[in-house]
Amino acid sequence: MDKQEALDLRYLKMAKIWAENSYCIRRQVGALIVKNKMIISDGYNGTPSGFENVCEDREGLTHPYVLHAEANAITKIARSGNNSDGATLYVTDEPCIECSKLIIQAGIKRVVYSREYRLHNGLDLLKRAGIEIVFLPEP
């Protein structure tokens, strides 16, 4: 294992731990944005600020207003003095198409994830944008 892969695995472990902050029952997802070996933002899936921490309805379906971990991390950047140009996004789960659009617009150049999603159109969009994608399955 090379140094970059070892570092990627460490940040993915941290993203997985961060996912434990999520109140979502169906799936807990965590994300970190790293630039110049510094974590500049983090996020996990959940409801918008000020909403009750309930992600699913009575049937167990996710509420449409629940934010994905990537979206939470990227919007935190927008409220800070940092920028994500050239950064790496570490996320526990493969990004969806909506998050992939945000990743591209945020200037993130590399995405590392560890669990696949049922749809792969998010990855297709990232590839089209020239973003490096690394899949490191959970051990």
Side-chain angles (χ1 to χ4, degrees):
M1 177 182 310
D2 67 6
K3 286 174 80 172
Q4 184 61 57
E5 186 175 345
L7 194 60
D8 288 345
L9 286 169
R10 275 190 222 111
Y11 282 126
L12 276 175
K13 284 180 190 174
M14 292 170 71
K16 186 174 182 179
I17 291 167
W18 199 244
E20 294 173 12
N21 289 314
S22 173
Y23 287 89
C24 297
I25 296 167
R26 289 180 66 199
R27 182 176 287 229
Q28 293 181 313
V29 181
L32 298 175
I33 299 176
V34 176
K35 186 174 177 179
N36 301 324
K37 296 185 181 177
M38 291 187 306
I39 298 170
I40 60 170
S41 190
D42 55 60
Y44 52 87
N45 58 326
T47 58
S49 298
F51 281 57
E52 68 284 352
N53 288 319
V54 178
C55 297
E56 294 86 9
D57 63 20
R58 289 187 177 139
E59 286 79 44
L61 299 174
T62 301
H63 290 297
Y65 53 80
V66 169
L67 291 160
H68 290 187
E70 306 94 304
N72 264 327
I74 290 169
T75 55
K76 275 186 184 180
I77 292 272
R79 295 180 67 173
S80 74
N82 289 320
N83 74 68
S84 50
D85 287 336
T88 297
L89 170 71
Y90 293 91
V91 61
T92 56
D93 293 59
E94 178 179 330
C96 70
I97 188 83
E98 294 302 318
C99 289
S100 292
K101 290 187 243 180
L102 294 174
I103 291 165
I104 293 164
Q105 290 301 99
I108 292 168
K109 295 299 178 202
R110 190 166 178 265
V111 173
V112 182
Y113 71 101
S114 59
R115 286 189 300 201
E116 292 183 309
Y117 186 59
R118 61 185 167 80
L119 302 173
H120 304 291
N121 53 358
L123 287 185
D124 294 339
L125 188 64
L126 293 175
K127 288 175 189 171
R128 184 174 170 194
I131 293 172
E132 180 185 350
I133 300 164
V134 179
F135 174 60
L136 293 174
E138 290 180 307

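Starting from 1, each residue takes its place in the sequence as its number.
C55 is not listed as a side-chain neighbour of N45, based on a closest heavy-atom distance of 4.5 Å or more. Within the 4.5 Å cutoff, side-chain heavy atoms of L125 are placed close to those of I104. M14 places none of its side-chain heavy atoms less than 4.5 Å from the side chain of I17. Between K127 and I131, the closest side-chain pair of non-hydrogen atoms is not below 4.5 Å. Between L123 and Y113, some side-chain heavy-atom pair lies under the 4.5 Å cut-off. Considering only heavy atoms from C-beta on, S100 comes within 4.5 Å of P95 through its side chain. For the pair L67 and T47, the minimum side-chain heavy-atom distance is 4.5 Å or more. Here the side chains of H120 and E94 are in contact, with some heavy-atom distance below 4.5 Å.
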Point to revise | Evaluation steps, side-chain contact (heavy atoms from CB on, under 4.5 Å), between R110 and V134 | key: CA-CA 8 Å; R110 190 166 178 265; V134 179; 3.8 Å; yes
**Study point:** Pair D8-Q4, side-chain contact (heavy atoms from CB on, under 4.5 Å): steps then yes or no
**Key:** CA-CA 6 Å; D8 288 345; Q4 184 61 57; 2.8 Å; yes
Practice item. For the pair E70 and L89, evaluate side-chain contact (heavy atoms from CB on, under 4.5 Å) and give the outcome as yes or no after the intermediate values. Key: CA-CA 8 Å; E70 306 94 304; L89 170 71; 3.8 Å; yes
Review point. After noting the C-alpha distance and the side-chain angles of T88 and I33, does the key distance pass the side-chain contact (heavy atoms from CB on, under 4.5 Å) rule?
Key: CA-CA 6 Å; T88 297; I33 299 176; over 6 Å; no
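Connection of F135 to L119 is not established within any shared hydrophobic cluster, with ILVMFWY side chains joined at heavy-atom distances below 4.5 Å, either directly or through further cluster members. Linking Ile, Leu, Val, Met, Phe, Trp and Tyr residues whenever their side-chain heavy atoms come within less than 4.5 Å places I108 and I77 in a single cluster. Taking hydrophobic clusters as Ile, Leu, Val, Met, Phe, Trp and Tyr residues chained together by side-chain heavy-atom distances below 4.5 Å, V111 does not share a cluster with V34. A single hydrophobic cluster is seen to contain both L102 and L126, as judged by linkage of ILVMFWY side chains at heavy-atom distances under 4.5 Å, directly or through other members.
A distance of 9.5 Å separates CG in L9 from OH in Y90, rounded to the nearest 0.5 Å. Note that SG of C99 is 7.0 Å distant from CD1 of I74, once rounded to the nearest 0.5 Å.
Partner of V91 under the side-chain contact (heavy atoms from CB on, under 4.5 Å) criterion, chosen from L32, V112, I103, V29: V29.
For N36 (side chain) and M38 (main-chain N/O), no donor-acceptor pair under 3.5 Å exists by modelled atom type. Judged by distance alone, the side chain of E56 and the main-chain N or O of I25 form a donor-acceptor pair under 3.5 Å. In this structure, the side chain of K16 does not engage the main chain of G30 through any donor-acceptor pair within 3.5 Å.
In the displayed structure, Q105 atom CD is contacted under 6.0 Å by at most 12 heavy atoms of other residues, nucleotides or ligands.
Across all non-hydrogen atoms, the minimal contact from Q28 to E20 is NE2-O, 3.9 Å. Scanning both residues, K35 and A87, for their nearest heavy atoms gives CB-CB, 4.0 Å. When all heavy atoms of W18 and A31 are compared, the closest pair comes out as CD1-O, 4.2 Å. The minimum heavy-atom distance between E52 and Y65, with the atom names listed, is OE2-OH, 3.4 Å.
Y44 and N72 share no donor-acceptor pair across their side chains, judged by distance under 3.5 Å alone. Using a 3.5 Å distance cut-off with no hydrogens or angles, the side chains of K76 and N82 do not pair a donor with an acceptor. No hydrogens or angles considered: nothing links the side chains of H68 and E98 as a donor-acceptor pair under 3.5 Å.
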